[in-house]
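All remarks here apply to the structure that follows.
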Amino acid sequence: MRFSQAFIPTLKEVPADAQVASHVFMLRGGYIRKVASGIYSFMPLGMRVLSRIETIVREELDRAGAQEVLMPASVPAELWQESGRWQKYGPELLRFKDRGGADFCFGPTHEEVAVDMVRRETKSYRQLPINLYQIQTKFRDEMRPRAGLMRGREFVMKDAYSFDVDQDAALISYKSMYEAYKRIFARCGLDFRPVEADTGAIGGNLSHEFQVLAETGEDKLVACDSCGYAANVEEAAVRAVTEPAIGGGGDLTKVPTPGAKTIADVCEVLKVDAAQTIKSLVYTADGEPLVVLIRGDRTLNEIALKKLTGATELFLAREGQAEKATGAPVGSIGPAGLSLPIYADLELEGATGVVAGAGEEGMHYTGLDLARDCTITKYVALRIAEEGEGCPRCDGEYKAYQGIEVGHVFSLGTVYSEPMGCTFLDEGGKSQPMVMGCYGIGITRVAAAAIEQNHDEGGIIWPMSIAPYEVTVLPLQMKDDDLIAAAQKLYEELRELGVDVLLDDRNERPGAKFKDADLIGIPLRITIGKRSLGEGNLEMKWRREAEATQLPAEGAAEAITSAIAAEKERIAAI
Ligand code: ATP
Ligand code: MG
């Protein structure tokens with residue numbers, strides 16, 4: 001493509017509402033334009049990136065035995081009523097009526113439609129397994145669309161659905177998708193971690209998110225770089241401690257802490273560290289009060305508490321409720337003498353010398369010994385895992401990361417196939433519900449995540465595998481016939497060799513061309529200047545490197561082609 005004829009409207013200014021790098025550079029680089037909140041058009045460069053990503057996705061899913069289909073974006077309400085989601089799904093679901101008044105939704109995900117497709121055509125165990133995928137525009141009326149493509153309302157997703165005869169067979173489908181996802185994200189040049197995720201309200205028992213590590217990510221994770229274990233902080237296991245996390249012994253002593261309501265206040269008044277204190281939190285689990293103890297500087301993992309209690313409704317007690325349940329004012333609640341169930345975080349087992357509320361207004365205990373002075377119902381892991389603590393699976397240490405969820409694999413069991421009658425006849429002629437899995441990748445979010453991980457102040461640094469063009473050829477003096485001829489020749493030769501090349505033939509100053517090349521982020525740049533050409537050389541520069549190198553003009557096209565191939569191989573080998 002010649003830049004002079006391309007529709008690549010670059011911008012010098014940072015658009016007002018854009019903060020994160022992917023949003024800023026996609027707008028400035030002429031990749032996307034906003035049409036409405038969370039809704040974007042893709043211009044030619046943006047479209048090229050999406051199709052690169054989609055090609056990788058297609059190749060890997062086809063390799064894993066999945067088959068591509070295309071389902072409608074407009075979904076009749078009946079299907080969603082059958083699964084029960086028409087009633088349950090909140091305002092994220094865009095509902096509309098056709099001219100006859102029939103209800104529809106714009107599909108935010110397609111379990112129902114996929115189930116309907118399969119149940120109509122599949123009768124026997126012999127026809128299974130089936131794994132179908134599509135790449136399609138979804139709509140979710142997100143409460144807070146943000147950061148451009150990162151959280152849009154309309155976005156492109158690859159969604160896949162697997163159908164198997166039983167749990168064991170479904171696990172094989174799950175694992176093959178898991179492996180395909182690893183290859184997809186590696187080939188996209190991303191630094192990512194598959195992390196164990198919460199299965200949430202959908203049920204099922206196995207779920208992994210694929211998280212791209214980036215500071216602008218919304219998800220908090222911990223990962224061990226020694227063994228590769230990674231998890232959302234809410235799911236992450238913590239290592240059992242061999243020594244109590246608070247020590248020091250001493251006698252139980254009541255001390256005045258006037259006005260101290262928070263851990264920080266108590267630390268200030270008593271001149272102790274938060275790691276010497278415990279927080280006593282009152283929760284109600286399905287209406288029943290209980291107390292949770294964690295060290296003052298830790299964060300409670302509510303999901304772990306919910307799992308422990310098995311409660312469907314778990315809330316931090318309101319002030320009045322907490323006082324009523326414990327007989328102590330909030331701010332001075334403590335475990336000594338309480339007759340409620342008390343769940344203490346695992347690391348508190350054997351804790352002595354603790355500072356905790358004394359159950360009276362303006363009073364705390366020092367020297368509390370949990371075993372001696374309290375009745376603990378159970379010690380159990382209840383805190384959020386943090387950076388620096390030991391990995392529970394090996395000798396390594398957790399590192400904290402922020403992540404962008406680019407993909408999700410989920411074992412669904414029979415939660416859709418049962419209510420929707422998606423059954424088959426097993427070998428014995430008995431009707432059974434199919435066991436399902438669902439698998440999503442945010443195609444547009446992958447593009448954004450790749451930029452979050454690969455950019456500098458000047459713009460994007462695309463991984464070669466998903467770049468809109470592999471190389472840009474940049475002639476510096478547009479009035480020099482020899483130089484133009486050399487650029488033209490190289491451009492033609494590269495095209496002949498199957499390279500995706502952008503020739504910047506605009507009548508612009510070199511500075512402007514360099515700026516745009518950096519902004520757009522094409523991984524390889526070939527500069528043709530009068531002086532070096534006189535010496536028989538071109539200049540070759542990788543976008544991610546600071547220095548350029550000389551490249552003999554003779555045989556340049558072949559040399560560039562093999563440099564691109566080597567770079568692609570390097571990425572795929574990760
Ligand atoms: P999130 O927690 O980010 O809202 P989700 O759990 O709702 O994601 P899924 O329903 O599993 O997402 O969708 C599959 C994939 O689609 C996600 O892994 C993500 O990459 C992508 N995705 C989901 N919502 C959006 C969105 N609003 N904008 C862009 N991509 C999205
Ligand atoms: Mg969501």
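Contact check for Glu323 versus Ile333: no side-chain heavy atoms found under the 4.5 Å cut-off. Looking at heavy atoms from C-beta onward, Arg383 lies in side-chain contact with Glu389 at the 4.5 angstrom threshold. Here the side chains of Pro72 and Val113 are in contact, with some heavy-atom distance below 4.5 Å. Taking the side chain as every heavy atom from C-beta outward, Tyr161 and Tyr416 never approach each other to under 4.5 Å. In this structure, Ile53 and Val49 have side chains that are in contact, with non-hydrogen atoms separated by less than 4.5 Å. You'll find the side chain of Asp164 stays beyond 4.5 Å of the side chain of Ile172, heavy atoms only. Residues Leu171 and Ser411 fail the side-chain proximity criterion, which asks for heavy atoms closer than 4.5 Å. Under the 4.5 Å side-chain criterion, counting only non-hydrogen atoms from C-beta, Leu293 is not in contact with Asp345.
Taking NZ of Lys138 as the reference point, atom OG1 of Thr444 lies at 11.0 Å (rounded to 0.5 Å). Summarising the geometry, atom CD1 belonging to Ile441 is positioned 8.5 Å from atom CZ belonging to Phe210; distances are rounded to the nearest 0.5 Å. Summarising the geometry, atom CG belonging to Leu132 is positioned 6.5 Å from atom CE belonging to Met71; distances are rounded to the nearest 0.5 Å. With values rounded to the nearest 0.5 angstrom, Leu305 atom CG is found 10.0 Å from Ile294 atom CD1. The distance from the CZ atom of Phe163 to the CZ atom of Arg119 is 10.5 Å, given to the nearest 0.5 Å. In this structure, OG1 on Thr423 lies 9.5 Å from CD on Gln432, to the nearest 0.5 angstrom.
Annotation for Leu340 and Thr377: closest pair O-OG1, 4.5 Å, computed over non-hydrogen atoms. Closest of all the heavy-atom pairs between Ile130 and Val118 is CD1-CG1, 4.3 Å. Scanning all heavy atoms of the two residues, the minimum distance from Ala304 to Leu382 falls at C-CD2, 4.2 Å. The nearest pair of heavy atoms linking Lys182 to Pro194 is CD-CG, 4.2 Å. The minimum heavy-atom distance linking Leu370 with Pro335 is given by the pair CD2-CG, 4.3 Å. Nearest heavy-atom pair, Cys188 versus Ile466, reported as atom, atom and distance to 0.1 Å: O-CD1, 3.8 Å.
For Thr312, the side chain to side chain contact (heavy atoms under 4.5 Å, CB included) partners two or more places apart in sequence, or in a different chain, are Asp286.
Without hydrogens or angle criteria, Asn454 side chain to Ala450 main chain gives a donor-acceptor distance under 3.5 Å. The main-chain N or O of Glu234 is found under 3.5 Å from a side-chain atom of Asn301 such that the two form a donor-acceptor pair. Side-chain atoms of Arg570 do not come within 3.5 Å of backbone N or O of Ala565 as any donor-acceptor pair. In terms of modelled atom types and a separation under 3.5 Å, the side chain of Arg298 and the main chain of Ile384 share no donor-acceptor contact. When atom types are taken as modelled, the side chain of Ser162 and the backbone of Gly437 share a donor-acceptor pair closer than 3.5 angstrom.
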Pair Leu128-Phe424, side-chain contact (heavy atoms from CB on, under 4.5 Å): steps then yes or no: CA-CA 9 Å; Leu128 299 176; Phe424 66 98; 3.9 Å; yes
I would like to know whether Gln136 and Asp159 meet side-chain hydrogen bond (donor to acceptor under 3.5 Å, both in side chains); could you show each step before the answer? CA-CA 8 Å; Gln136 187 201 41; Asp159 45 327; over 6 Å; no
Please walk me through it: do Tyr40 and His23 pass side-chain hydrogen bond (donor to acceptor under 3.5 Å, both in side chains)? CA-CA 11 Å; Tyr40 291 85; His23 193 190; 3.3 Å; yes
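Screening residues 399-428 for salt bridge (charged side-chain N to carboxylate O under 4.0 Å, His left out), with sequence neighbours left out, gives Asp225-Lys399. Residue pairs meeting the salt bridge (charged side-chain N to carboxylate O under 4.0 Å, His left out) criterion with at least one partner in residues 32-60, sequence neighbours excluded, are Asp17-Lys34, Arg48-Asp500, Arg52-Glu470, Arg52-Asp500, Glu54-Arg58, Arg58-Glu68, Glu59-Arg187, Glu60-Arg63, Glu60-Arg183, Glu60-Arg187.
A cation-pi geometry, defined here as NZ or CZ lying under 6.0 Å from the six-membered ring centre and within 45° of its normal, does not hold between Arg95 and Trp80.
Relative orientation of the His208 and Tyr174 rings is tilted, given thresholds of 30° and 60° on the angle between their planes. Using a 30° and 60° split on the angle between ring planes, His455 and Phe25 fall in the tilted class, from 30° to 60°.
Between Lys307 and Glu235 there is a salt bridge, with a side-chain nitrogen of the basic residue lying less than 4.0 Å from a carboxylate oxygen of the acidic one. With salt bridges taken as basic N to acidic carboxylate O contacts below 4.0 Å, none links Glu92 and Arg153. Residues Arg151 and Glu218 are paired through a salt bridge, judged by an N-O separation under 4.0 Å between the basic side chain and the carboxylate.
In Lys123, the NZ atom is crowded: over 12 heavy atoms of neighbouring residues, nucleotides or ligands sit closer than 6.0 Å. Heavy atoms from other residues, nucleotides or ligands lying under 6.0 Å from CD of Glu387 number more than 12. Shown here is Glu215, whose CD atom has no more than 12 heavy atoms of other residues, nucleotides or ligands within 6.0 Å. Heavy atoms from other residues, nucleotides or ligands lying under 6.0 Å from CG of Asp98 number more than 12.
Shown are Asn232, Val238, Val233; of these, the side chain to side chain contact (heavy atoms under 4.5 Å, CB included) with Val222 is made only by Val233.
Remark: the Glu209 side chain and the Ser207 side chain contain no N/O donor-acceptor pair separated by less than 3.5 Å. Inspection of the Gln127 and Thr122 side chains reveals no N or O donor paired with an N or O acceptor under 3.5 Å. Side-chain N/O atoms of Gln211 and Asp219 include a donor and acceptor closer than 3.5 Å.
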